[in-house]
2 protein chains.
Amino acid sequence: MKTEIQKEAQDGVTGHSQLTMQVVDHVRQLVANGELKPGDRLPPERELARKLKISRSSLRAGIGFLSAMGVLKSRHGAGTFVATGPPALDSSSLTVLGALHGFLPWQMFEARLVIESSVAGLAAERATGEHIAELAEEVAEMYASMDDPQEYLIHDVRFHRTIARASGNPILGALMETITASLYDTRRMTVDNSVDLKESAEFHREIFRAIRSRNPVAAKKAMEEHLNLARMAQAAEPKATPEPN
Amino acid sequence: MKTEIQKEAQDGVTGHSQLTMQVVDHVRQLVANGELKPGDRLPPERELARKLKISRSSLRAGIGFLSAMGVLKSRHGAGTFVATGPPALDSSSLTVLGALHGFLPWQMFEARLVIESSVAGLAAERATGEHIAELAEEVAEMYASMDDPQEYLIHDVRFHRTIARASGNPILGALMETITASLYDTRRMTVDNSVDLKESAEFHREIFRAIRSRNPVAAKKAMEEHLNLARMAQAAEPKATPEPN
DNA sequence: GTCGGGCTAAGGTCAGACCATAGCAAAGCG
DNA sequence: CGCTTTGCTATGGTCTGACCTTAGCCCGAC
């Protein structure tokens, strides 16, 4: 006889059907065995369904699940592909959750700040020489492309992703990706103009120096200042909020 | 002409079909309008599909998406329900992502430590009197149920969730829930025995006192120590896999 | 050589049937 | 009367097969 208080805990059931999980498991195996790498295309649905001895609809349920968490991406007419880039949940995940539970922009920023500053601190402790070289390169590229916001943005993103990799914790990296993706989703990029790229580059350089000198506290603090500045710059940008409800 | 480097960024497409998103939007509206609250049951699939003028399969795709991120839970034969409790992604999300990208247990713990200690710090700054009273209650209950691990565990979870609420940042709370759920998924509960509940209660009391006295640094540090202890206790537990069914 | 049409493959949607489970209600038994 | 058992019904889960829509390619016409 089960205890009665477990309603808050769980019934032991994940909530997803067996077949869906069978698909998930199969894909997981394919990836684990190296038969499927990021960017690769899955077999066609009809074929894969036949191989797994399940109907196409059930297969699609599994594919939908994996798409929802950003592992797969389907392109109509072309095929279904394994997601590239760093691991992350689907960009709409947090957006939808936010819409349902009323997440506020400042909370998103705070979450990003918490995670990314910790990640910077870890990176300062664990970055390899290779990581540091990469960071140096990206900083240099930033300085070199201060007149091209689009190009600058690319190196900005790469800089942050490299730090995530250097932190040695892919989970925190995934969470970071998810949050930033959701932020991009809500407010379109922050580099359009209005931001002083030179100042931004200086901040990145400071973060880089802290990581290179293995100073976690300084790295964390520098990242916090950088993101706080970015937050304020964006908050001061009035032209992008059509609905101030 | 699009730049060529954007393959890493995104194609502007979320990757999910229109109809799926229509369902998501509809449910979002229902929740936003208060017509649907956590714990409520959705209309039957057949009926809802008719109302939305889409086929049942398409509706199910949307429901599957929302289930994947923990917003809905379907129970065979009973119905589909809005998830209760704090917002969180589906427990299997991180588990699957982890299986695909090779997340390690210590990385999970580290992520939890980073987030939850920050959350504790925020809670120390923002907790209301009500929150503090709730925390006091849970701590008391912990001391009162040190001979009943099951009961103890309930108050343990509630304690951490209350801190998350007190932090005023539901996003960090959601991430925390997701990670802890994933940890529970991998290794079954840590309170079975082997853990000194009295010692554990002392740690919780220390965290509580730091929050009550509005000391973010102490709260953060206390939480870090608590989780580090829990991690070591679990790592030293060799008898894992009790039921190899 | 270039442009356009059409063919093929692949994902997206639809319709209807049937299966499996949960929950209740009525019937049957003590 | 109260408990058990049986069976109905509502609801999610799965299957089948058809058709639509899009992407990409090939090939013929100009």
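These figures come from a predicted structure and were not determined experimentally. Convention: sequence-line order gives letters A, B, ...; per-chain numbering from 1.
Checked against side-chain contact (heavy atoms from CB on, under 4.5 Å), Ile54(B) has the following partners two or more places apart in sequence or in another chain: Leu19(B), Gln22(B), Val23(B), Leu52(B), Ser58(B), Leu59(B). In this structure His131(B) satisfies the side chain to side chain donor-acceptor pair (under 3.5 Å) test together with Thr128(B), sequence neighbours excluded.
Look at Arg75(A) and you won't find any side-chain N or O under 4.0 angstrom from OP1 or OP2 of dG11(C).
Between the CD atom of Gln18(A) and the P atom of dA20(C) there is a distance of 12 Å, rounded to whole Å. Rounded to an integer number of Å, the gap from Lys73(A) NZ to dA23(D) P is 17 Å. Summarising the geometry, the separation between CG on Leu66(B) and P on dG12(D) is reported as 14 Å, rounded to the nearest angstrom. At whole-Å resolution of the value, CD in Glu45(B) and C1' in dT14(D) are 11 Å apart. Note: CZ (Arg60(B)) to C1' (dG16(C)) measures 15 Å, nearest angstrom. Between the C1' atom of dT13(C) and the CD1 atom of Ile63(B) lies a distance of 16 Å, rounded to the nearest Å. Protein atom NE2 of His16(A) is 14 Å distant from nucleotide atom C1' of dG12(D), rounded to whole Å. Following rounding to the nearest Å, Phe81(B) (CZ) and dT21(C) (P) show an atom-to-atom distance of 17 Å.
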Identify each atom pair where a protein N or O and an N or O of nucleotides 15-20 of chain D are less than 3.5 Å apart, giving names and distance.
from: dC15(D); atom 1: OP2; to: Ser55(A); atom 2: N; distance (Å): 3.1
from: dC15(D); atom 1: OP2; to: Ser55(A); atom 2: OG; distance (Å): 2.9
from: dC15(D); atom 1: OP2; to: Ser58(A); atom 2: OG; distance (Å): 2.4

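Here the closest heavy-atom approach between residue Gly102(A) and residue Gln107(A) is recorded as O-OE1, 4.1 Å.
Checked against dG12(C), dT11(D), dG12(D), the side chain of Ser74(A) finds its nearest nucleotide in dG12(C).
A donor-acceptor contact shorter than 3.5 Å links the side chain of Thr178(A) to the backbone of Ala174(A).
Val119(A) is listed as a side-chain neighbour of Ile163(A), based on a closest heavy-atom distance under 4.5 Å.
With rounding to the nearest 0.5 Å, the separation of OH in Tyr152(B) from CG in Asp147(B) is 12.0 Å.
Side-chain N/O atoms of Asp90(B) and Ser92(B) include a donor and acceptor closer than 3.5 Å.
With DNA chain C read from its 5' end, the first of the two nearest nucleotides for Thr20(B) and Gly77(B) is the one closest to Thr20(B).
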